[in-house]
Amino acid sequence: MILKELLHAIPVKDYKGSLDIPVESICLDSRKAAPGGLFVAVRGHQTDGHLFVDKAIEAGVSIVVVEEYPKTILEDRVYILVDDSSYALGVIASNFYGRPSTKLKLVGVTGTNGKTTIATLLFNLFKKLGYEVGLLSTVQNQIADRVIPSTHTTADPVTLNALLHEMLEEGCDYCFMEVSSHAITQQRIAGLRFAGGIFSNITHDHLDFHGTFANYIAAKKKFFDDLDRFAFALTNTDDKNGMVMLQNSFAHKKTYGLQQLADFKARILENHFDGMLLDIDHQQVWVKLVGEFNAYNVLAVYGAAILLEQETIKVLTALSEISGAEGRFDTLKSSTGVIAIVDYAHTPDAVENVLETIQKLRQPNQHIFTVLGCGGDRDKTKRPEMAEVAVRLSDKVVLTSDNPRSEDPTIIIKEMEAGISADQKKNVFSITDRREAIRAAFHLAKSGDVILVAGKGHEKYQEINGVKNHFDDKEELMKIFNEHNA
């Protein structure tokens with residue numbers, strides 16, 4: 001592609017060199033720079049791409065896009081000056097790959113909790129309805145039946161547009177995508193055209209990045225502000241900030257909810273450990289998900305499908321046959337009758353939702369044992385809140401490691417303990433080793449009791465001091481179950 005075509009719709013402040021040269025590749029990582037390519041210097045949360053312009057040029061790139069010119073300007077290179085290189089990268093990536101988001105129906109899902117479940121359910125639903133579909137999620141990226149590992153909730157613009165281009169090449173009609181607040185703030189979705197946006201909820205999370213809850217809300221809202229008038233904006237009207245998301249949106253505005261007046265309504269008729277019976281717009285449907293929070297997720301999926309012009313009966317039938325995302329209220333049962341639930345809940349609200357669901361499902365003689373950790377190098381303010389919720393809604397709690405990353409796990413646990421009163425501490429154990437913590441919870445439990453292992457869900461690793469060691473909560477539970485069977 002010729003450079004001037006690649007710069008379409010980008011406000012260029014100035015440039016040096018010719019715009020009539022071909023561009024062979026694009027990158028934002030100087031380590032991936034190649035001869036004939038284009039390098040965009042992006043100011044990131046931890047580093048500044050402008051520091052690596054010289055390295056990219058040494059690797060052979062012909063063009064650099066910057067917010068400020070480097071001290072040395074080479075005559076045989078092209079320099080493009082822009083106000084916002086993050087935004088420019090998104091548009092450049094979209095143009096380079098032929099604007100793929102305009103050629104399929106891309107639906108974004110944002111919110112604190114439920115993004116993965118909603119996106120995955122939509123992916124599975126539309127596959128069941130007979131479409132070729134793509135998925136961009138925390139758990140994995142998927143093009144039809146081909147699974148591609150995921151490293152971020154929302155990838156960088158080059159990776160995103162490359163994947164969307166692949167989806168088009170393989171005949172995909174739809175793509176369902178998680179949109180994180182980090183991605184919105186960092187302009188990773190710049191240049192993408194969304195056919196619709198879904199808001200799940202917003203609660204305490206990511207304040208280490210956003211600074212304040214108001215900034216966090218504003219980041220989510222920006223996604224809806226940027227939707228065009230041909231898109232739909234579907235929000236959870238029961239969330240106190242749900243309608244805030246629609247205030248300045250040009251999109252076709254719709255709501256869903258269990259309590260307030262809404263365009264799409266549902267009621268929980270029955271709730272069991274293996275699923276629930278819902279009334280959705282006066283039609284009954286059994287789904288393989290559990291709990292009020294999942295009723296919201298299913299309703300959001302139903303609403304989005306109807307807004308994407310699918311037939312009601314076909315949608316409800318398919319919803320009764322599909323499953324949600326891995327690591328979201330995954331239920332296991334030992335031969336001794338102990339029930340174990342693995343869930344990705346890693347915010348105070350998510351832990352509360354899962355435990356309240358278990359509270360409603362359990363019998364009077366069933367006890368709840370919760371294994372809980374908090375991630376290192378992340379929002380520290382939620383640590384005591386998560387512990388407080390777990391202790392309040394469980395009979396016994398084992399505090400342990402999640403992904404400590406560069407932090408000392410014992411200090412993380414101490415910060416969690418700050419949310420527990422002196423009287424509650426008799427029901428709390430602190431075991432740094434996550435494997436031993438899960439084992440301890442199992443040995444405390446009797447037949448019929450419920451163990452919640454929260455925080456990691458689908459993850460197959462534990463990150464300690466920069467090293468990702470294999471660790472799978474479900475795998476650990478199955479090992480303990482099998483040992484006990486033997």
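What you see is a predicted model; the values in this text were computed from it and never measured.
- Between His165 and Tyr97, the two ring planes are tilted [angle within 30° to 60°].
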Please tabulate, for side-chain N and O atoms in residues 433-440, each donor-acceptor pair with protein atoms closer than 3.5 Å (sequence neighbours left out).
residue: Asp433; atom: OD1; partner: Arg435; partner atom: N; Å: 2.9
residue: Asp433; atom: OD1; partner: Glu436; partner atom: N; Å: 3.0
residue: Arg434; atom: NE; partner: Asp473; partner atom: OD1; Å: 3.0
residue: Arg434; atom: NH1; partner: Ser401; partner atom: O; Å: 2.7
residue: Arg434; atom: NH2; partner: Ala454; partner atom: O; Å: 3.0
residue: Arg434; atom: NH2; partner: Asp473; partner atom: OD2; Å: 2.9
residue: Arg435; atom: NE; partner: Glu476; partner atom: OE1; Å: 3.0
residue: Arg435; atom: NE; partner: Glu476; partner atom: OE2; Å: 3.4
residue: Arg435; atom: NH2; partner: Glu476; partner atom: OE2; Å: 3.2
residue: Arg439; atom: NH1; partner: Glu483; partner atom: OE1; Å: 2.7

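- Without hydrogens or angle criteria, Glu169 side chain to Met167 main chain gives no donor-acceptor distance under 3.5 Å.
- A ring-centre distance under 6.0 Å is not found for Tyr302 and Tyr256.
- For the pair Asp343 and Lys456, the salt-bridge criterion is not met [side-chain N within less than 4.0 Å of a carboxylate O].
- Residues Asp377 and Arg405 are not paired through a salt bridge, judged by the lack of any N-O separation under 4.0 Å between the basic side chain and the carboxylate.
- Remark: Phe442 pairs with Phe481, His484 by the ring-ring contact (aromatic ring centres under 6.0 Å, His included) rule, at least two apart or across chains.
- Using a 3.5 Å distance cut-off with no hydrogens or angles, the side chains of Asn241 and Lys221 do not pair a donor with an acceptor.
- You'll find the ring centres of Tyr174 and Phe126 inside the 6.0 Å limit.
- In Arg43, the CZ atom is crowded: over 12 heavy atoms of neighbouring residues, nucleotides or ligands sit closer than 6.0 Å.
- With values rounded to the nearest 0.5 angstrom, Lys396 atom NZ is found 4.5 Å from Asn427 atom CG.
- Aromatic ring centroids of Phe176 and Phe123 lie 6.0 Å or more apart.
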